[in-house]
2 protein chains.
Amino acid sequence: MQSPEKISYDPEAPVDPRIEALVNDLIGRVADKWTMLILEALEEHGECRFTRLAGLVPGISQKMLTQTLRAMERDGLVHRTVHPVIPPKVEYRLTGLGHSLGEAFCGVWLWAEAHLGEVEEARAGFDARG
Amino acid sequence: MQSPEKISYDPEAPVDPRIEALVNDLIGRVADKWTMLILEALEEHGECRFTRLAGLVPGISQKMLTQTLRAMERDGLVHRTVHPVIPPKVEYRLTGLGHSLGEAFCGVWLWAEAHLGEVEEARAGFDARG
DNA sequence: GTGCCTACTTTCTTTTGGAGAGTATAGCGA
DNA sequence: TCGCTATACTCTCCAAAAGAAAGTAGGCAC
């Protein structure tokens, strides 16, 4: 129930604070560097094996790759297929949910591409001003 | 110049690797929890003072707030106005660049709101399966 | 003088991340 | 038979980052 002194129908209205907390939490997990980079690698290259992904995501350690993939699997963003052969073969691909998140991040990607120069200018200016 | 053995006009074509590296780098800085949360707070509430912002961003420490705001200022995302009064008064507001990034992140926000339930289900399933 | 106000700093502790070596297993060549 | 390779982790150790809490500056009301 809303607090009676403030009923708002503003589209930017404060939502249920519990929902807001959950959304903030979800953002906290999903909006990290490695998740975004893995998501993009899988969007761009489709289903991939562990070692391939390690090569596609620049600078990631095996530990973080395992960890992030597990978290993404738990959140339903990627599907993990284990082929019981030797040497081991494990493939990762985006789920529908993962794909939809990838699309959501697309805007950020385009922003980064479009405004790279501006950011670099801003940094140079900031650093010059001391 | 492109390598002659592989000329591609695919819209998802590999861009200049230097650009890609820079974009990845920029994503790494911008796609973090606190930056997103501060960005959203400033989008929603407009110009804010330090202490106000600390209250608006749930769970942030003063240290991280200072640090993240400085980084955002350096990147040209926020503008910092210092009023030389006592006690100190410092106001932060989004720049045009910051606002555009906020809009880019909007998709992720909407995604989180829309798919919160699915993620929770996925987690429950994952945890149940062991 | 004492305390208050705000926007930070500083210090200390805990958590996280990265580098690199180790593990399990079967097939293959010497 | 021995050793080598390949793969997807897993473990250990150390450095870097984040969080908590106390400290700082400096005018002003008391």
Side-chain angles (χ1 to χ4, degrees), chain A residues 21 24-25 27-39 41-42 45-75 77-94 126 129-130, chain B residues 21 24-25 27-39 41-42 45-75 77-94 126 129-130:
Chain A
N24 278 359
D25 203 61
I27 291 288
R29 312 241 183 147
V30 132
D32 92 298
K33 188 181 164 179
W34 297 134
T35 300
M36 274 196 70
L37 259 18
I38 290 174
L39 209 55
L42 289 176
H45 300 274
E47 193 164 40
C48 283
R49 298 177 62 180
F50 187 87
T51 304
R52 179 97 206 284
L53 266 180
L56 290 174
V57 178
I60 198 169
S61 66
Q62 290 189 324
K63 189 170 113 180
M64 283 315 291
L65 183 53
T66 307
Q67 210 172 100
T68 310
L69 282 171
R70 283 285 194 292
M72 290 173 78
E73 190 193 355
R74 188 172 108 95
D75 287 347
L77 302 174
V78 303
H79 183 81
R80 182 165 174 268
T81 311
V82 181
H83 302 275
V85 298
I86 300 242
K89 178 171 183 177
V90 180
E91 289 177 307
Y92 295 92
R93 66 178 156 76
L94 291 184
F126 184 90
R129 278 189 295 279
Chain B
N24 278 358
D25 203 62
I27 291 287
R29 312 239 184 149
V30 132
D32 93 297
K33 188 181 164 180
W34 295 135
T35 301
M36 275 197 69
L37 259 17
I38 290 174
L39 209 55
L42 288 176
H45 299 275
E47 193 163 39
C48 283
R49 298 178 63 180
F50 186 87
T51 304
R52 178 99 206 283
L53 220 37
L56 290 174
V57 178
I60 198 169
S61 66
Q62 291 190 323
K63 188 171 112 180
M64 285 314 292
L65 183 53
T66 307
Q67 212 171 100
T68 310
L69 281 170
R70 282 288 194 290
M72 291 173 79
E73 189 193 355
R74 189 171 109 95
D75 287 347
L77 302 174
V78 302
H79 184 80
R80 182 166 174 268
T81 312
V82 181
H83 303 274
V85 297
I86 300 251
K89 177 171 183 175
V90 180
E91 289 178 308
Y92 295 92
R93 67 178 155 76
L94 291 184
F126 184 90
R129 277 190 295 279

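Naming convention: chains lettered A, B, ... in sequence-line order (proteins, then strands); numbering from 1 in each chain. Small disclaimer: the values here were computed from a predicted structure and weren't measured.
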query: Is there a side-chain contact between B:Thr81 and B:His83 (heavy atoms, below 4.5 Å)?
result: yes
- prompt: If you pin A:Tyr92 and B:Pro87 to their nearest nucleotides in DNA chain D, which one's is more 5'?
  reply: A:Tyr92
field: Protein-nucleotide distance (B:Gln67, atom CD; D:dA17, atom P), rounded to Å
entry: 9 Å
message: Any non-hydrogen side-chain atom of B:Arg80 less than 4.5 Å from a side-chain atom of B:Val82?
response: yes
- line: In terms of heavy-atom contacts, B:Gln62 and B:Phe50 come closest through O-CZ, 3.9 Å
- prompt: Whole-Å distance between C:dC8 P and B:Leu53 CG?
  reply: 11 Å
- prompt: Picking from C:dT9, D:dA8, C:dT6, which would you name as closest to the side chain of A:Val90?
  reply: D:dA8
Between D:dT24 (P) and B:Gln62 (CD): distance, integer Å: 15 Å
- request: Round to a whole Å and report the spacing from CD of B:Glu73 to C1' of C:dA7.
  value: 14 Å
query: Within the structure, does a side-chain N or O atom of A:Arg49 lie under 4.0 Å from either OP1 or OP2 of D:dA6?
result: no
- prompt: Starting at CG of B:Leu65 and ending at P of C:dT10, how long is that distance when rounded to a whole Å?
  reply: 17 Å
query: Rounded to the Å, how far apart are A:Arg29 CZ and C:dT16 C1'?
result: 15 Å
First encountered from the 5' end of DNA chain C, between B:Lys63 and B:Phe50: B:Phe50
- prompt: Within less than 4.0 Å of OP1 or OP2 of D:dC9, is there a side-chain N or O belonging to A:Arg80?
  reply: yes
field: Among C:dA26, D:dT10, C:dC5, the one nearest A:Thr66 by side-chain distance
entry: D:dT10
- request: Could you go through the side-chain contact (heavy atoms from CB on, under 4.5 Å) check for B:Leu37 and B:Ile60 one step at a time?
  value: CA-CA 9 Å; B:Leu37 259 17; B:Ile60 198 169; over 6 Å; no
message: If the cut-off is 4.0 Å, is A:Ser61 near the phosphate of C:dG17, judged by side-chain N/O to OP1 or OP2?
response: no
- line: When rounded to whole Å, the NZ to C1' distance for the pair A:Lys89 and C:dA26 reads 16 Å
message: Of the listed nucleotides (D:dG19, D:dT7, C:dT6), which one gets closest to any side-chain atom of B:Trp34?
response: D:dG19
- line: Taking D:dA18, D:dT7, D:dA22 as options, the one with an atom nearest any side-chain atom of B:Met64 is D:dA18
task: Check the distance between C:dC28's C1' and A:Ile86's CD1 and give it to me in whole angstrom.
output: 15 Å
query: Looking at B:Met64, B:Met72, B:Gln67, which hits side-chain contact (heavy atoms from CB on, under 4.5 Å) with B:Trp34?
result: B:Met64
message: Can you see if the side chain of A:Arg70 gets near the phosphate of D:dT10 - specifically, an N or O under 4.0 Å from OP1 or OP2?
response: yes
field: Phosphate-side-chain proximity, B:Thr51 and C:dA7, N/O vs OP1/OP2 below 4.0 Å
entry: yes
